[in-house]
Amino acid sequence: MSDTGAMENCIVEALDAVENFIAETTGKKPTQSEIANALTRYFVLNEIKSHIVMEREEAK
């Protein structure tokens, strides 16, 4: 998934939502590096995985 040209609009919107939330709650817009670092932490990855698994099971 390293082809950023294939990124769907929903991903861009989600990243914008993260950026806006951080800016609103901290008073400072995060850098892309800060967002990337946060999103690749094990805890966050595990939470994202759990959410996706839950949604897939609910869709059945």
Side-chain angles (χ1 to χ4, degrees):
M1 190 172 160
S2 62
D3 180 13
T4 57
M7 199 173 301
E8 294 181 24
N9 194 46
C10 59
I11 295 294
V12 174
E13 290 173 357
L15 291 172
D16 284 344
V18 170
E19 182 180 85
N20 292 335
F21 175 76
I22 298 303
E24 289 174 10
T25 57
T26 69
K28 184 177 177 186
K29 180 179 171 181
T31 65
Q32 289 183 2
S33 293
E34 288 173 323
I35 293 173
N37 183 27
L39 288 174
T40 56
R41 296 180 56 94
Y42 173 79
F43 177 77
V44 176
L45 292 174
N46 197 41
E47 288 295 309
I48 292 170
K49 177 208 52 123
S50 295
H51 181 79
I52 290 171
V53 168
M54 178 187 67
E55 284 197 340
R56 286 177 179 173
E57 289 175 356
E58 288 177 357
K60 290 182 183 179

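Sequence positions, counted from 1, serve as the residue numbers for this chain. Side chains are part of it too, since the values below use all heavy atoms of this structure and drop only hydrogens, waters and symmetry mates. Bear in mind the structure is a predicted one, so any value in this text is a computation, not a measurement.
Residue pairs meeting the side-chain hydrogen bond (donor to acceptor under 3.5 Å, both in side chains) criterion with at least one member in residues 11-20, sequence neighbours excluded: Asn9-Glu13.
Of all heavy-atom pairs between Pro30 and Ala23, the closest is CD-N, 4.1 Å.
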Side-chain donor-acceptor contacts of residues 47-57 below 3.5 Å, not counting sequence neighbours, with atom names and distances?
| unit_1 | atom_1 | unit_2 | atom_2 | d |
| --- | --- | --- | --- | --- |
| Ser50 | OG | Asn46 | O | 3.0 |
| His51 | NE2 | Glu55 | OE2 | 3.0 |

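Leu45 is linked by a side-chain contact (heavy atoms from CB on, under 4.5 Å) to nothing, counting only residues two or more places apart in sequence or in another chain.
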